[in-house]
Enquirer: 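Before I ask anything, here is the structure I am working with.
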Amino acid sequence: MAAVANNGTGVAGVAPNAKIMPVKVLEDGSGTFEDIAAGIRWSVDHGADVINMSLGGLAGTQVITLTGLESSVTEAIKYANAQGTSVIVAAGNSATAVCNTPAWEPGAICVASTDRNELKSWFSELPNKPDLKAVAAPGGAGLTSCKDDIVSTVPVGTGSASCGQKDYDYYAGTSMATPHVAGVAALLFAQGRTLANVEDALLDTARQPGTGMTGVYSPAYGWGIADAAAAVKYAGAAAGTGRKSGTEKR
């Protein structure tokens, strides 16, 4: 998302000048809705413009929030949006027809995964949810070739020998796709935009693969593959830069 650019080392992030606020809400890959909700609220209260959540519940857990048995994350996302913060969440990797929660929740932008050929990754959930806030982004193929996946920064010396990297590795998943979109959102907020305009820019400029059409929703790609170059040219950038100055619902 924010790997430093122009230093001759490693990879470059979508938003290389963004500041990262790492917030841990899981332990060994698992956690509770309450922990996730607390992380969202803490991030908002400490000035986050964009919250990236490369995590999600199991397929079918949407029923827990739909029936009201669990509401902490739903309310936390609502709180984040009310404060002008974008919440961008991985669709999930169990190849079902809808976004997993919390990507499913109102106000979250759900991100599905595509491969290097801009085809839906076999493992990705389809980016479908009631409020239609959904796009796709590169997340890798998850098959056999390292080069078909996303180059990812790992702790020094822990890279995969099979992929020929010491300090980097190749991963696939909607967890890899989501930071691409969060990075674009960071670029847009840096232009002084409101949350409503950031979301409009992300969704309205996303393009359907093959046709290149924008403003068209499809079950396989949502509004399409996020397009950073087009998004930053979208109307609504303020003369100044910095944290958003107001919010509206999309």
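Note that the numbering runs from 1 along the sequence shown for the chain. Only heavy atoms go into these numbers, but all of them, side chains included; no hydrogens, no water, no symmetry mates.
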Enquirer: Strictly distance-based, threshold 3.5 Å: is any side-chain N or O of Glu125 a donor or acceptor partner for the main-chain N or O of Ser94?
Expert: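 Side chain of Glu125 to backbone of Ser94: a pair is present.
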Enquirer: Would a hydrophobic clustering, with Ile, Leu, Val, Met, Phe, Trp and Tyr connected at side-chain separations under 4.5 Å, put Met176 with Val151?
Expert: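 Different clusters: Met176 never reaches Val151 through Ile, Leu, Val, Met, Phe, Trp or Tyr contacts under 4.5 Å.
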Enquirer: Determine whether more than 12 heavy atoms belonging to other residues, nucleotides or ligands lie under 6.0 Å from atom CE of Met213.
Expert: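 At most 12 heavy atoms, drawn from other residues, nucleotides or ligands, come within 6.0 Å of this atom.
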Enquirer: Could you measure the distance from the OG1 atom of Thr96 to the CG atom of Leu58? Nearest 0.5 Å is fine.
Expert: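 If I round to the nearest 0.5 Å, the distance is 11.0 Å.
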Enquirer: Any sub-3.5 Å donor-acceptor pair from Asn117's side-chain atoms to Leu119's backbone N or O?
Expert: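 The answer is no, because no donor-acceptor pair under 3.5 Å joins these two groups.
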Enquirer: What is the distance from atom CG of Asn100 to atom CG of Asn93, rounded to the nearest 0.5 Å?
Expert: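 If we round to the nearest 0.5 Å, Asn100:CG and Asn93:CG are 8.5 Å apart.
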Enquirer: Mind checking whether Thr178 and Val181 have side chains closer than 4.5 Å, heavy atoms only?
Expert: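 Thr178 does not reach Val181 side chain to side chain.
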Enquirer: Do the side chains of Val89 and Leu26 join up, straight or via other hydrophobic residues, at under 4.5 Å, putting them in one cluster?
Expert: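 Yes, Val89 and Leu26 fall within the same hydrophobic cluster.
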Enquirer: Please lay out, stage by stage, how Tyr79 and Asp45 fare under the test side chain to side chain contact (heavy atoms under 4.5 Å, CB included).
Expert: CA-CA 10 Å; Tyr79 173 74; Asp45 292 343; 2.5 Å; yes
Enquirer: Residues in side chain to side chain donor-acceptor pair (under 3.5 Å) with Thr61, at least two apart?
Expert: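 If we apply the side chain to side chain donor-acceptor pair (under 3.5 Å) test to Thr61, skipping adjacent residues, there are no hits.
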Enquirer: Show the nearest heavy-atom pair for residues Ala172 and Asp149, with the distance to one decimal.
Expert: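 Heavy atoms only, the tightest pair is CB-OD1, 3.4 Å.
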Enquirer: Report yes if the side chains of His180 and Ile150 come closer than 4.5 Å at any heavy-atom pair, otherwise no.
Expert: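 Yes, at least one pair of side-chain atoms sits under 4.5 Å.
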Enquirer: Could you note down all residue pairs passing ring-ring contact (aromatic ring centres under 6.0 Å, His included) where residues 45-70 supplies at least one of them, sequence neighbours left out?
Expert: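 Qualifying pairs: Trp42-His46.
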Enquirer: For Val216 and Gln208, work out which heavy atoms get closest and say how close.
Expert: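 Here Val216 and Gln208 meet closest at O-NE2, 2.7 Å.
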Enquirer: Out of curiosity, Ser145 OG to Tyr170 OH, how far, rounded to the nearest 0.5 Å?
Expert: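 Ser145 OG to Tyr170 OH: 8.5 Å, rounded to 0.5 Å.
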Enquirer: Applying side chain to side chain contact (heavy atoms under 4.5 Å, CB included), can you list everything that pairs with Leu143, at least two apart in sequence or on another chain?
Expert: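 Leu143 satisfies side chain to side chain contact (heavy atoms under 4.5 Å, CB included) with Trp122, Ala141 only.
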Enquirer: Keeping the roles fixed (side chain from Ser113, backbone from Thr174), state whether a donor-acceptor pair exists under 3.5 Å.
Expert: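 No, because the side chain of Ser113 does not come within donor-acceptor range (under 3.5 Å) of the backbone of Thr174.
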Enquirer: Dump the intermediate steps for side-chain hydrogen bond (donor to acceptor under 3.5 Å, both in side chains) on Gln62 and Thr101, then the final yes or no.
Expert: CA-CA 5 Å; Gln62 301 95 327; Thr101 191; over 6 Å; no
Enquirer: Is a side-chain donor or acceptor of Glu199 paired with a backbone partner of Leu202 at a separation under 3.5 angstrom?
Expert: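 Checking the backbone N and O of Leu202 against the side chain of Glu199, no donor-acceptor pair under 3.5 Å is found.
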Enquirer: Quick one: does any side-chain atom of Lys129 pair with a main-chain N or O of Ala103 as donor and acceptor, under 3.5 Å?
Expert: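 The answer is yes, because a donor-acceptor pair under 3.5 Å joins these two groups.
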Enquirer: Between CG of Asp227 and CG of Asp204, what distance do you get to the nearest 0.5 Å?
Expert: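 Between Asp227 CG and Asp204 CG, I get 12.5 Å after rounding to 0.5 Å.
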Enquirer: Ignoring hydrogens and geometry beyond distance, is a side-chain donor-acceptor pair present between Glu105 and Thr74 at under 3.5 Å?
Expert: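 Distance-only check passes for Glu105 and Thr74.
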Enquirer: Does any N or O in the side chain of Glu118 come within less than 3.5 Å of the main-chain N or O of Pro209, such that one atom is a donor and the other an acceptor?
Expert: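 Not confirmed, Glu118 side chain does not pair with Pro209 backbone.
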Enquirer: Write out all pairs satisfying salt bridge (charged side-chain N to carboxylate O under 4.0 Å, His left out) with one or both partners inside residues 28-41, taking only residues at least two apart or from two chains.
Expert: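 Qualifying pairs: none.
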Enquirer: Say you draw a straight line from OG of Ser86 to CD1 of Ile51; how long is it, rounded to the nearest 0.5 Å?
Expert: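 Ser86 OG to Ile51 CD1: 8.5 Å, rounded to 0.5 Å.
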Enquirer: Any idea which heavy atoms bring Ile77 and Ala108 closest together, and the distance?
Expert: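 Smallest heavy-atom distance, with atoms named: CG2-N, 3.9 Å.
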Enquirer: Indicate the atoms forming the closest heavy-atom contact of Ala185 with Val50, along with that distance.
Expert: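 So the minimum-distance heavy-atom pair works out to CB-CG2, 3.8 Å.
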Enquirer: Please check: side-chain N/O of Ser71 versus main-chain N/O of Gly68, any donor-acceptor pairing under 3.5 Å?
Expert: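 Flag not set: sc Ser71 to bb Gly68 has no pair under 3.5 Å.
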Enquirer: By salt bridge (Lys or Arg N to Asp or Glu O under 4.0 Å), which residues pair with Lys147, not counting sequence neighbours?
Expert: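 With neighbours one apart ignored, the set is empty.
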Enquirer: Report yes if some heavy atom in the side chain of Pro102 is under 4.5 Å from a heavy atom in the side chain of Met53; otherwise report no.
Expert: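 Pro102 vs Met53: side chains touch.
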Enquirer: I'd like to check the side chain to side chain contact (heavy atoms under 4.5 Å, CB included) partners of Thr205; sequence neighbours left out, ordered by chain and number.
Expert: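 By the side chain to side chain contact (heavy atoms under 4.5 Å, CB included) rule, Thr205 matches Ala230, Ala231, Tyr234.
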Enquirer: Show the numbers, then the answer: is there a side chain to side chain contact (heavy atoms under 4.5 Å, CB included) between Leu132 and Tyr217?
Expert: CA-CA 8 Å; Leu132 300 184; Tyr217 186 93; 3.7 Å; yes
Enquirer: Using the rule that Ile, Leu, Val, Met, Phe, Trp and Tyr join whenever any side-chain heavy atoms are under 4.5 Å apart, tell me whether Leu126 and Tyr221 fall into a single cluster.
Expert: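 No: no chain of side-chain contacts under 4.5 Å links Leu126 to Tyr221.
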Enquirer: Got a second to check how far Ser152's OG is from Gln165's CD, nearest 0.5 Å?
Expert: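 CD of Gln165 is found 11.0 Å from OG of Ser152.
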Enquirer: Do you know which two heavy atoms are closest between Val98 and Trp104, and how far apart they sit?
Expert: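 In terms of heavy atoms, the two residues are closest at CB-CZ3, 3.9 Å.
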Enquirer: If we ignore hydrogens and angles and just use 3.5 Å, is the side chain of Lys120 paired with the main-chain N or O of Ser124 as donor and acceptor?
Expert: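 At least one qualifying donor-acceptor pair exists.
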Enquirer: Determine yes or no for a side-chain-to-main-chain donor-acceptor pair under 3.5 angstrom, with Asn128 supplying the side chain and Ala97 the backbone.
Expert: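 Yes; at least one donor-acceptor contact below 3.5 Å.
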Enquirer: Treating Arg193 as the side-chain partner and Val232 as the backbone partner, does any N or O pair qualify as donor plus acceptor under 3.5 Å?
Expert: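 Looks like yes, one N/O pair under 3.5 Å.
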Enquirer: Is any side-chain heavy atom of Leu203 less than 4.5 Å from a side-chain heavy atom of Val135?
Expert: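 Answer yes - side chains close enough.
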Enquirer: Are Thr114 and Ile225 packed together at the side-chain level, in the sense that at least one heavy-atom pair is separated by less than 4.5 angstrom?
Expert: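 Side-chain contact under 4.5 Å: yes.
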Enquirer: Is there side-chain contact between Trp223 and Thr214, with at least one heavy-atom pair below 4.5 Å?
Expert: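 Not in contact.
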Enquirer: Do the side chains of Val154 and Val156 join up, straight or via other hydrophobic residues, at under 4.5 Å, putting them in one cluster?
Expert: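 No, separate clusters.
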Enquirer: Carefully, step by step, assess Ile36 and Leu55 under the rule side chain to side chain contact (heavy atoms under 4.5 Å, CB included).
Expert: CA-CA 9 Å; Ile36 295 170; Leu55 52 78; 3.9 Å; yes
Enquirer: State, with a plain yes or no, whether a side-chain heavy atom of Thr65 is found less than 4.5 Å away from one of Val73.
Expert: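 Thr65 vs Val73: side chains apart.
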Enquirer: Restricting to non-hydrogen atoms, name the atom on Ala134 and the atom on Pro127 that form the minimum distance, rounded to 0.1 Å.
Expert: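 The answer is CB-O, 3.1 Å.
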Enquirer: Same cluster for Val111 and Tyr171 if Ile/Leu/Val/Met/Phe/Trp/Tyr side chains link at under 4.5 Å?
Expert: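 Not linked; separate clusters.
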Enquirer: With heavy-atom distances below 4.5 Å as the criterion, would you say the side chains of Asp169 and Cys163 are in contact?
Expert: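 Contact flag for Asp169/Cys163 side chains = yes.
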